[in-house]
Protein chains: 2
Amino acid sequence: MSATPTEQVTAPSRDKRSSAKDVARLAGVSTATVSRVINNPEQVDAETQRLVREAVTKLRYVPHGAARALRSHRSRMVGAVVPSFEYALYARTTSAMQAVLDAEGYSMVLAEHHYDLAAELRITKQLVGHGVDAFVFVGLHHDPALFALLENYGRPYVLTWGVDPMRQHPSIGFDNRAATFAMTQHLIGLGHRRFGLLSAPTEGNDRATERGAGMRAALAQAGLALADECVQYGPISLAASAAMMRKLLALEHRPTAVVGTNDVFAVGGMIACREAGVRIPEDISITGVDNTDLGATQTPALTSIRTPIVEVGRAAAEQVIARLEGKEHAAFQTLPFELVLRGSTAEPQKN
Amino acid sequence: MSATPTEQVTAPSRDKRSSAKDVARLAGVSTATVSRVINNPEQVDAETQRLVREAVTKLRYVPHGAARALRSHRSRMVGAVVPSFEYALYARTTSAMQAVLDAEGYSMVLAEHHYDLAAELRITKQLVGHGVDAFVFVGLHHDPALFALLENYGRPYVLTWGVDPMRQHPSIGFDNRAATFAMTQHLIGLGHRRFGLLSAPTEGNDRATERGAGMRAALAQAGLALADECVQYGPISLAASAAMMRKLLALEHRPTAVVGTNDVFAVGGMIACREAGVRIPEDISITGVDNTDLGATQTPALTSIRTPIVEVGRAAAEQVIARLEGKEHAAFQTLPFELVLRGSTAEPQKN
DNA sequence: CGGCATTTTGTATTCGATTGCATGAATTGT
DNA sequence: ACAATTCATGCAATCGAATACAAAATGCCG
């Protein structure tokens, strides 16, 4: 191939692909037999199978997915609809999902909606149209029309990163509230009395909502409260959470312990402290959730909560596969979390 | 007396979905017109369009993707086949891709192959079977059978994160070799003479190969060489790269500057230094590639190379869409990179 | 060897939307 | 006002594989 001056390309001629008919002709059988060799080999004579398989290999035959999906009403595609790829957490979960799906001969279709429930619905509709068999979503809270759509089209789905307390929707996750509850209790135990919270907007994000609630519950139990000015909401980004932390640092009565609803918020907070010369953990303790590399490699290392990142992905994939194949499977799974105590937390300094 | 045989319980209707026929009936037109309203609205009378659109909304009609793909030979799905979701870099690139694809009404199918070219081929074959229209791959080096497959089935594709010097395969990326060349020159300029390299295995990974080559070229130009014992290969993970760095630290004649082929290697190296009480940058300078948050938030912050993460994804999506739609589009694009100098590099200490 | 059960294979229909071709309606030109 | 053109729409064939049903081949038994 010679490089043309403009170096442009157009689509190559499509569809030299061979069909079941071609295979049938070469093997001297009918297309029905070809189909059976692929889908129900036990119904076909061993010698005939050999002939067909040979033809398949020789012609590099790959069954036409669309035709197959059209006729059989199944596409072997599973959709994963997540808020964002950029947060490492979801990347790792979907990675685990894909491994399971791939091993079972399914493909994964991945899409992100940037924390916009309307976009989530729109994207899911599109995927349903593409014939995606089943879905995995993040979080418990979604547009009611989403569930209507899935019900309407008979598509199994699983919600992840939370377990539906009403037991209405199949779901796999851990107890978000209990996690921050435990973390806050730990901080109270260290002697902290004035707290701050760096959170994602709770609108349409039940993980953030629950995590905030867990913190408030622990404080209430200890007779403490979370002052309004000590709560900052913002998007999941280091820059945003650093800005949020700056506001907390500017308060007259500054918190001595700040909880981030995930590691990104916590690390953003750490950045703001460094810039302001506020020492961690001497002047302020900071905690995150998810126990990501980002937090673990900070100086000091971030105290966080190990969430079942990989386990959730694997379990979600297993559940949808089981349901697609008509097998029984637990619809609700609560997986464990674990506090990971590191250098970003300590007793508050007396002064 | 009619003996009713075993009572047939109608299975929970899996597919209550409405078809073009239902829409046509409700709107009082033919299915052909329904199809035209969706695909070529300019051919249909405005009033008829309104009727059809109304029926579509009322019936919650979503066109059947498989049927559509079967007949029209286009599925409007683009496959992104990446080494791993877990490295933040690919997550961000695919995120940018999906944004463009979504805006143009395409869906993205994402799959990972864990740096295994055979798995890459297998997965791609499966996706071709599912009717995926076009592909985006990472890296220039792939199984020849992959290109044969794509050619055979007439599927446009783009390679990313490198630009094919032979101009054989459409590709979008930056000059990996030039990037580490520039970085190494910078380190030489600071006064470093003994270098270390933390790299991904070069097998099937041309990015790693090129980045190593760029470093060696810069050294050669300055009359320096990279000692064999100063080069460590391993998987992309903090634990692995920390172990690799420990080997470098154990050398009798320890390097004063260590280049990581990406930020994960560099940060892993930083971790090992911290553990060993080796000061950065006083005792050793460390650099990465990709300028991720992970590196930028370390103490000291990592010197790195800003690579066109988002731009590559966007450009790749734009190219495959253009080619699918028969438009002309530049097949080769070299995007710029930029050195980002921070606290992890300094002049070597005289002693 | 006939008869019946079982295995193997083929024939023909079907899935749902797209599209070439044909038809009838509306518009234009002269 | 009528032919020529354009526009809007419907009819019916089609994409490629799966599958119900029918038919043929085989096996087994007494």
Side-chain angles (χ1 to χ4, degrees), chain A residues 14-53 55-56 59-76 126 128-131 133 153-154, chain B residues 8 13-53 55-56 59-77 126 128-133 153-154:
Chain A
R14 309 244 344 184
D15 281 352
K16 291 172 236 168
R17 71 184 299 166
S18 37
S19 71
K21 206 180 284 181
D22 301 323
V23 175
R25 195 174 320 116
L26 181 59
V29 298
S30 73
T31 60
T33 300
V34 173
S35 171
R36 280 188 281 257
V37 169
I38 291 167
N39 301 296
N40 302 84
E42 71 280 1
Q43 293 180 9
V44 181
D45 183 70
E47 173 61 11
T48 312
Q49 275 194 47
R50 201 184 54 72
L51 282 171
V52 172
R53 292 240 157 73
V56 165
L59 295 176
R60 293 226 205 93
Y61 170 65
V62 179
H64 193 294
R68 174 181 245 187
L70 176 60
R71 184 59 230 252
S72 68
H73 298 280
R74 320 197 40 226
S75 68
R76 294 188 82 80
Q126 205 175 53
V128 167
H130 278 331
D133 284 337
Y153 282 84
Chain B
Q8 282 292 338
S13 48
R14 284 266 318 175
D15 267 2
K16 288 175 241 165
R17 75 182 297 167
S18 34
S19 71
K21 206 181 284 181
D22 302 322
V23 175
R25 195 177 318 116
L26 181 58
V29 298
S30 73
T31 60
T33 300
V34 173
S35 171
R36 285 187 196 105
V37 169
I38 291 166
N39 301 295
N40 301 84
E42 72 281 1
Q43 294 179 8
V44 181
D45 182 71
E47 173 60 12
T48 312
Q49 276 193 48
R50 201 184 54 72
L51 283 170
V52 172
R53 290 241 157 75
V56 165
L59 296 176
R60 292 224 208 94
Y61 169 65
V62 180
H64 193 294
R68 175 181 246 186
L70 176 59
R71 184 57 230 250
S72 67
H73 300 278
R74 320 192 38 227
S75 69
R76 295 188 81 80
M77 293 195 298
Q126 206 175 52
V128 167
H130 277 330
V132 169
D133 284 337
Y153 281 84

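Below, chains carry the letters A, B, ... as their sequence lines are ordered, and counting in each starts from 1.
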Nearest whole Å is fine: how far is [N] [atom2] from [X] [atom1]?
X: B:R25; N: D:dT9; atom1: CZ; atom2: C1'; answer: 18 Å
X: B:R74; N: D:dT14; atom1: CZ; atom2: P; answer: 23 Å
X: B:R68; N: C:dT19; atom1: CZ; atom2: C1'; answer: 14 Å
X: B:K21; N: C:dT18; atom1: NZ; atom2: C1'; answer: 14 Å
X: B:H73; N: C:dA17; atom1: NE2; atom2: P; answer: 17 Å
X: B:L51; N: D:dG10; atom1: CG; atom2: C1'; answer: 16 Å
X: B:R50; N: D:dT9; atom1: CZ; atom2: C1'; answer: 18 Å
X: B:L70; N: C:dC15; atom1: CG; atom2: P; answer: 14 Å

Between [Y] and [X], is there a side-chain heavy-atom distance shorter than 4.5 Å?
X: A:T33; Y: A:V44; result: yes
X: B:Y61; Y: B:L26; result: no
X: A:L51; Y: A:V29; result: no

- Can you figure out which of D:dG16, D:dA18, C:dT19 approaches the side chain of B:R71 most closely? C:dT19
- B:T48 side chain: which of C:dG16, D:dA17, D:dT9 is closest? D:dT9
- Would you say a side-chain N or O of A:Y61 is under 4.0 Å from OP1 or OP2 of D:dG16? no
- Message: If we ignore hydrogens and angles and just use 3.5 Å, is the side chain of A:D133 paired with the main-chain N or O of A:R74 as donor and acceptor?
- Response: no
Any residue meeting side-chain hydrogen bond (donor to acceptor under 3.5 Å, both in side chains) with [X], in chain and number order, not counting sequence neighbours:
X: B:S35; answer: B:N39
X: A:R53; answer: A:Q49
X: A:R71; answer: none

- Kindly calculate the angle separating the two end axes of the helix from C:dC1-D:dG30 to C:dT30-D:dA1, each obtained from five base pairs, and round it to 10 degrees. 30°
- Query: B:R50: what forms a salt bridge (charged side-chain N to carboxylate O under 4.0 Å, His left out) with it, not counting sequence neighbours?
  - Reply: B:E47, B:E54
- Note on the structure: Between B:A67 and B:Q49, the residue closer to the 5' end of DNA chain D by nearest nucleotide is B:Q49
- Item | Residue-level proximity of residues 26-45 of chain A to DNA chain D when a heavy atom falls under 4.0 Å | A:A32, A:S35, A:N39
- Message: To check you understand the geometry: which heavy-atom pair defines the closest contact between A:A67 and B:L70, and what is its length?
- Response: CB-CD1, 3.7 Å
